[in-house]
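A short write-up of the structure that comes next.
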Amino acid sequence: MTGAVEQRVDIAIVGGGLVGASLGCALVPLIERLGLSVAVIEAAPLLDRVEAPWQPSFDARASAIAQGSATHFAGMGLWSAMAEQAAPIRRIHVSEQGRLGATRLRSDELGVEALGHVIPNAWMGRVLHRRLAQLPLAWHCPARVEAISPEAGGYRLGLSDGSRLQAGLTVLADGGRSGLKERLGIESREQPYDQVALIASVEVSEPHGGMAWERFTGEGPIALLPLRGQAMELIWTHGAGRESRRLALSDGDFLAELQRAFGERAGRFRRVGSRHAYPLSLITARETVRPGLAVLGNAAHSLHPVAGQGFNLALRGVMDLVAALEHGLARGESVGSMAVLADFEARRGADRHNVIRFSDGLIRLFGIDSPLLSHARAAGLVGLNLVGPLRRTLARRAMGLER
């Protein structure tokens with residue numbers, strides 16, 4: 001990097017995945033109106049050109065997008081493209097194995113077309129990157145941040161591609177995998193769940209009709225999310241170490257065990273794609289803002305997938321940061337001023353706390369093996385199904401329409 005020209009940018013986004021790319025797209029009004037300069041640094045090479053024909057894959061990972069997130073994407077002018085590969089969630093069924101209690105949610109009782117949508121991650125990334133390609137961004141890909149240090153007015157970054165940046169605001173949206181948080185002395189709280197999520201696409205014998213299933217079992221929750229056609233995204237939680245045997249099973253044996261664990265409410269499982277597993281922990285950064293620095297997405301908080309809130313929480317963080325920047329710049333603040341970042345943190349605090357408490361509480365409540373508590377949980381599910389206003393309030397919060 002010796003002799004490299006140093007470039008000054010207003011905002012450097014570290015991470016060009018779904019969260020970082022969403023931030024780049026959400027900044028469009030400020031880029032166009034105020035001429036903000038933005039750089040995006042992404043370590044992974046972009047393998048698929050955005051103009052190449054789309055080839056959907058049965059094995060593609062997908063994410064549940066709450067209705068509130070769809071509204072945010074619509075505000076960026078992206079939802080019509082996102083919706084091309086989206087499967088709507090029109091009904092949700094929550095139950096506990098071996099108990100009669102269940103909670104059911106329907107989009108029509110809430111007056112919305114869908115409770116949420118499930119979209120392949122690759123398609124979301126394609127839509128976001130197609131928009132970014134139209135913007136005057138400084139795109140460094142593939143490149144890693146090899147050196148980072150605070151300075152007056154922001155941070156100085158040294159990149160693996162030889163570039164050097166001075167950024168008024170640096171946003172860590174790299175999922176926490178780069179080690180930058182640790183190098184900056186930002187500690188994280190980690191509470192392992194001693195669980196592993198097994199992820200795969202499965203094909204069912206019956207049309208799912210937009211139904212999403214969340215079934216709590218003695219091993220852990222099993223979620224099925226609707227995809228296009230008769231495919232569904234499976235998230236099957238296992239006790240740590242117990243997933244390895246199922247990863248090694250033949251497809252037929254795996255589907256037979258899934259059928260026994262889930263039952264036949266969704267029909268017969270006929271096909272399974274590639275299986276992947278990752279350990280589950282609740283991870284929260286002890287700091288999410290410093291002068292000239294903000295932490296977003298999984299770098300700030302990594303949640304259990306039980307309620308499907310991880311990306312939706314991250315996207316609300318993106319929108320809150322943009323709103324804080326817009327208000328701060330209108331007051332004459334710099335992009336990395338502590339006044340702007342304190343405003344951002346004030347917007348995020350309650351939402352982040354409530355979502356973490358809700359998802360963590362669910363996993364701990366249904367993880368307690370007690371006959372008495374099991375009866376109480378079943379009664380609670382029945383009661384929640386009967387109390388319309390409470391059920392609708394919880395649904396609107398899960399949809400990101402209320403905080």
Side-chain angles (χ1 to χ4, degrees), residues 7-42 46 50 65 68-79 81-82 124-141 143 145 153-155 157 159 163 165-175 288-300 311-345 347-348:
Q7 179 187 8
R8 176 73 187 181
V9 297
D10 294 305
I11 301 173
I13 303 172
V14 182
L18 295 183
V19 176
S22 295
L23 175 59
C25 293
L27 286 169
V28 167
L30 296 182
I31 293 171
E32 294 180 341
R33 189 170 73 247
L34 303 177
L36 285 185
S37 56
V38 178
V40 181
I41 303 106
E42 169 57 40
L46 300 180
V50 295
I65 303 301
S69 296
T71 301
H72 289 315
F73 281 134
M76 299 181 211
L78 300 174
W79 181 245
M82 292 275 188
M124 279 199 291
R126 180 188 180 91
V127 172
L128 291 165
H129 287 166
R130 181 186 294 155
R131 181 68 179 107
L132 292 181
Q134 301 169 351
L135 302 177
L137 303 179
W139 187 267
H140 299 270
C141 176
V145 176
Y155 276 75
L157 309 177
L159 310 185
S163 303
L165 304 177
Q166 285 182 306
L169 173 64
T170 297
V171 181
L172 302 185
D174 58 356
T288 55
V289 295
R290 286 180 178 178
L293 184 75
V295 186
L296 285 180
N298 280 353
F311 177 72
N312 298 294
L313 180 64
L315 186 59
R316 292 198 295 275
V318 164
M319 304 310 296
D320 282 341
L321 178 58
V322 173
L325 284 166
E326 186 165 16
H327 292 165
L329 291 170
R331 297 192 307 267
E333 301 282 354
S334 65
V335 290
S337 74
M338 203 56 217
V340 167
L341 296 170
D343 180 16
F344 162 65
E345 181 61 18
R347 295 166 185 267
R348 295 304 312 130

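Predicted model only: the values in this text are computed from it and were never measured. Side-chain atoms are counted along with the backbone in the values below, which use heavy atoms only and exclude waters and symmetry mates.
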Taking atom types as modelled, find out whether Glu345 and Thr288 have a side-chain donor-acceptor pair closer than 3.5 angstrom.
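Indeed, the side chains of Glu345 and Thr288 share at least one donor-acceptor pair under 3.5 Å.
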Compare all side-chain heavy atoms of [X] with those of [Y] and state whether any distance is below 4.5 angstrom.
X      : Y      : result
His327 : Val340 : no
Ile13  : Ile41  : no
Val322 : Leu23  : yes
Arg348 : Leu321 : no
Gln166 : Gln7   : no
Ser22  : Phe73  : yes
Phe311 : Asn298 : no
Ile65  : Met124 : yes

Name the one of Arg131, Met76, Arg33 that satisfies side-chain contact (heavy atoms from CB on, under 4.5 Å) with Val28?
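By the side-chain contact (heavy atoms from CB on, under 4.5 Å) criterion, Val28 pairs with just one of Arg131, Met76, Arg33: Arg131.
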Check the angle between the aromatic planes of Trp139 and His129 and answer parallel, tilted or perpendicular using the 30° and 60° thresholds.
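The arrangement is perpendicular - the two ring planes meet at more than 60°.
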Taking NZ, NE, NH1 and NH2 as the nitrogens, is one of them in Arg331 or Glu326 under 4.0 Å from a carboxylate oxygen of the other?
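Result for this pair is no, no salt bridge flagged.
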Residues Asp343, Arg347: salt bridge by 4.0 Å N-O rule
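A salt bridge is present here (some side-chain N lies under 4.0 Å from a carboxylate O).
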Which heavy atom of [X] sits nearest to which heavy atom of [Y], and what is that distance?
X      : Y      : value
Phe344 : Leu296 : CZ-CD2, 3.7 Å
Ala294 : Leu169 : N-CD1, 4.1 Å
Ala21  : Gly16  : CB-O, 3.9 Å
Ala167 : Ala12  : CB-CB, 3.7 Å
Gly15  : Glu42  : C-OE1, 3.6 Å
Tyr155 : Leu293 : CE1-CB, 3.8 Å

If you measure from [atom1] on [X] to [atom2] on [Y], what distance do you get to the nearest 0.5 Å?
X      : Y      : atom1 : atom2 : value
Cys25  : His72  : SG    : NE2   : 14.5 Å
Leu135 : Ile31  : CG    : CD1   : 5.5 Å
Leu325 : Leu341 : CG    : CG    : 7.5 Å

Please step through side-chain contact (heavy atoms from CB on, under 4.5 Å) for the pair Leu329 and Leu34, ending with a clear verdict.
CA-CA 9 Å; Leu329 291 170; Leu34 303 177; 3.8 Å; yes
Check against side-chain contact (heavy atoms from CB on, under 4.5 Å), Val38 and Asp10
CA-CA 6 Å; Val38 178; Asp10 294 305; 5.9 Å; no
Dump the intermediate steps for side-chain contact (heavy atoms from CB on, under 4.5 Å) on Val335 and Leu36, then the final yes or no.
CA-CA 9 Å; Val335 290; Leu36 285 185; 4.2 Å; yes
